[in-house]
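Worksheet: one structure, shown below.
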Amino acid sequence: MSKLSRFIQFNDETVEAKTMLLYERLARALANYNDVELTERKLMEFQIAEQKIAMSVFWRHRDEEIMHLGRLSDIYLLAGGYWKYFDLKIWNEFVQFYKDH
């Protein structure tokens, strides 16, 4: 039963503001965009219209090192990868090309 209880702890979570700010600064630096916001959600997300990226809560309740490295991997993928190199025009062309498939 103790293994299940760790996934029910989200109701009483506290936000580590200093740590989240450091992660957000890293995301902004990797994205080369000062207005990107970093949040934490169930799944990692890329929301270009809202100018947000979201780390996954999957990394919570793990060893401190694993949680830190997991969050960093989300930030590197989202900010250093998707945000920096995503091209909306190419994405729209792709969607139009495959809309009937």
Side-chain angles (χ1 to χ4, degrees):
M1 186 69 180
S2 65
K3 288 191 177 205
L4 291 177
S5 66
R6 73 182 183 124
F7 293 106
I8 301 173
Q9 294 175 1
F10 66 90
N11 290 331
D12 297 329
E13 298 278 343
T14 57
V15 176
E16 305 158 5
K18 184 178 177 182
T19 305
M20 290 298 288
L21 183 59
L22 290 172
Y23 288 141
E24 187 171 77
R25 287 180 179 166
L26 174 63
R28 289 177 176 178
L30 289 171
N32 198 25
Y33 186 70
N34 287 331
D35 294 328
V36 69
E37 292 181 31
L38 181 69
T39 60
E40 195 173 28
R41 297 180 55 105
K42 182 178 179 182
L43 301 171
M44 56 187 273
E45 293 181 357
F46 172 64
Q47 304 167 340
I48 196 156
E50 294 84 9
Q51 300 181 2
K52 292 182 182 179
I53 57 175
M55 302 180 298
S56 172
V57 296
F58 173 82
W59 303 113
R60 287 187 186 177
H61 310 292
R62 311 232 183 278
D63 292 338
E64 196 70 31
E65 182 180 12
I66 292 172
M67 182 173 65
H68 175 67
L69 294 174
R71 287 176 169 175
L72 287 179
S73 70
D74 287 355
I75 292 168
Y76 284 123
L77 287 170
L78 293 168
Y82 288 115
W83 191 276
K84 196 170 186 177
Y85 296 107
F86 184 77
D87 188 326
L88 190 57
K89 181 181 176 214
I90 293 172
W91 172 253
N92 285 329
E93 289 172 2
F94 170 81
V95 169
Q96 287 300 313
F97 185 78
Y98 287 104
K99 71 180 178 182
D100 295 327
H101 288 64

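Side-chain atoms are counted along with the backbone in the values below, which use heavy atoms only and exclude waters and symmetry mates.
Taking CG from N34 and CZ from R25, the interatomic distance works out to 11.5 Å, rounded to the nearest 0.5 Å. A distance of 7.0 Å separates CD of E45 from OG1 of T39, quoted to the nearest 0.5 Å. Taking OH of Y82 as the start and CG of L30 as the end, the distance is 15.0 Å to the nearest 0.5 Å. Remark: D35 CG to R28 CZ distance equals 7.0 Å, nearest 0.5 Å. With values rounded to the nearest 0.5 angstrom, L78 atom CG is found 10.0 Å from Q47 atom CD.
One hydrophobic cluster holds both L88 and Y33 under the rule that ILVMFWY side chains link at heavy-atom gaps under 4.5 Å. Linking Ile, Leu, Val, Met, Phe, Trp and Tyr whenever their side-chain heavy atoms come within less than 4.5 Å leaves I53 and V57 in two separate clusters. By the rule that hydrophobic residues join a cluster once side-chain heavy atoms approach within less than 4.5 Å of another member, L22 and L77 end up as members of separate clusters. At a threshold of 4.5 Å between side-chain heavy atoms, the hydrophobic network of Ile, Leu, Val, Met, Phe, Trp and Tyr places W59 and L21 in two separate groups.
Between F46 and W83, the angle of the ring planes goes over 60°, which puts this pair in the perpendicular group of the 30/60° scheme. The aromatic rings of Y98 and F94 are tilted relative to each other, their planes meeting at an angle between 30° and 60°.
Applying the salt bridge (Lys or Arg N to Asp or Glu O under 4.0 Å) test to every pair with at least one member in residues 67-77, sequence neighbours left out, gives these pairs: E16-R71, E40-R71.
Among all heavy-atom pairs drawn from A79 and A27, the shortest one is CB-O, 3.4 Å.
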Given E37 and E24, is the side-chain contact (heavy atoms from CB on, under 4.5 Å) satisfied, shown in steps? CA-CA 7 Å; E37 292 181 31; E24 187 171 77; 4.0 Å; yes

Evaluation steps, side-chain contact (heavy atoms from CB on, under 4.5 Å), between F58 and L43: CA-CA 8 Å; F58 173 82; L43 301 171; over 6 Å; no

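Side-chain contact between L26 and L38: absent, with no pair of heavy atoms (C-beta onward) separated by less than 4.5 Å.
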